[in-house]
Amino acid sequence: MQQNAFSSEPIVSLRDVQKSFGPLKVLDGVSFAVDRGEVLAIIGRSGSGKSTALRCIDRFEKVDGGEIVVCGHRVDRPDVNLRALRQDVGIVFQSYNLFPHLTIEQNIALAPCAVKKMATGQAKELARKVLAQVGLEEKLHAYPEQLSGGQQQRAAIARSLAMQPKVMLFDEVTSALDPELTGEVLKVIEQLAADGMTMVMVTHEMGFAKSIADRIVFMHRGKVHETGPASILTSPTTPELIQFVGTGNLKS
Ligand SMILES: Nc1ncnc2c1ncn2[C@@H]1O[C@H](COP(=O)(O)OP(=O)(O)OP(=O)(O)O)[C@@H](O)[C@H]1O
């Protein structure tokens with residue numbers, strides 16, 4: 001298990017976070033926390049602010065108000081050390097964003113060499129290790145276009161893991177995949193959870209959220225509307241969550 005100076009503090013904490021895009025209030029007092037080794041799933045209707053909340057954690061979006069602390073970094077402050085923050089936080093998006101002209105090994109070794117100044121040999125060794133973790137060791141020298149969508153997404157996860165993050169963020173990572181490729185990516189995330197990785201995921205895969213998440217945050221119109229253990233998906237209490245899980249979102 002990884003150590004840091006804030007081991008008794010949550011790894012991620014949002015307090016009363018506010019965010020607007022022009023006149024549109026997208027986050028209206030969002031608060032939640034994620035402890036070390038915890039898996040938190042953010043669910044909710046399209047447009048409820050899930051991705052924005054996730055993007056604020058890694059400061060892809062600046063907040064208008066409230067407090068965000070991630071691995072000890074005050075993300076809401078203008079003087080946050082972005083380089084240090086991004087070393088602690090791995091983020092994987094729906095689109096894989098692998099460089100098409102680089103092999104999978106080169107894609108993975110790039111950031112450890114450029115950001116962490118790791119020696120090439122060591123970075124290659126690391127690439128092999130993280131690819132083995134996602135079951136793709138044999139694709140080391142392949143180019144992204146030679147991989148299926150599911151394999152590319154697993155390579156993108158491996159690339160994040162190579163930076164040895166303290167927390168991983170997943171933003172609807174299976175949404176662009178055909179159903180038959182979704183399972184292989186979810187399996188990798190499941191294994192990471194079993195290995196104790198702290199994770200925050202925005203997902204539409206309700207069955208998966210139910211099986212893997214320690215806690216669920218249900219967002220509705222920019223607010224955390226209901227939160228609790230995964231069991232809230234089987235016994236929701238608010239009409240909004242009842243309606244949400246009752247509209248075919250809950251697969252199992
Ligand atoms: N950069 C932006 N500029 C303007 N509006 C934005 C921007 N990003 C998001 N929004 C708007 O903010 C609202 C919340 O978007 P967000 O992507 O956080 O929702 P979401 O719950 O993740 O939705 P989905 O499940 O469809 O991805 C939406 O109305 C969206 O159009």
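When a ligand or atom number is given, it counts from 1 through the structure's own listing order.
Residue S46 holds the heavy atom nearest to atom 26 (O) of ligand 1 of all those in G22, S46, S20.
With no hydrogens or angles considered, no side-chain donor-acceptor pair links T174 and Q153 at under 3.5 Å. Residues H225 and E240 bring a donor and an acceptor atom of their side chains to less than 3.5 Å of each other.
When the shell of 6.0 Å around NZ of K116 is examined, it contains more than 12 heavy atoms from other residues, nucleotides or ligands.
Protein heavy atom closest to atom 9 (C) of ligand 1, with residue, atom name and distance, is F21 CE1, 3.5 Å.
The ligand atoms of ligand 1 that sit less than 4.0 angstrom from a heavy atom of E172 are 24 (P), 25 (O), 27 (O). Proximity to V26 (heavy-atom distance under 4.0 Å) selects the following atoms of ligand 1: 12 (O), 13 (C), 14 (C). Under a 4.0 Å criterion applied to the non-hydrogen atoms of S48, ligand 1 contributes the atoms 19 (O), 21 (O).
Contact annotation for V202 and ligand 1: no heavy atom of the residue comes within less than 4.0 Å of the ligand.
Within a 4.0 Å radius of atom 31 (O) of ligand 1, the protein contributes no non-hydrogen atoms. The nearest protein heavy atom to atom 6 (C) of ligand 1 is closer than 4.0 Å.
The backbone N or O of D16 sits less than 3.5 Å from a side-chain atom of S31, completing a donor-acceptor pair.
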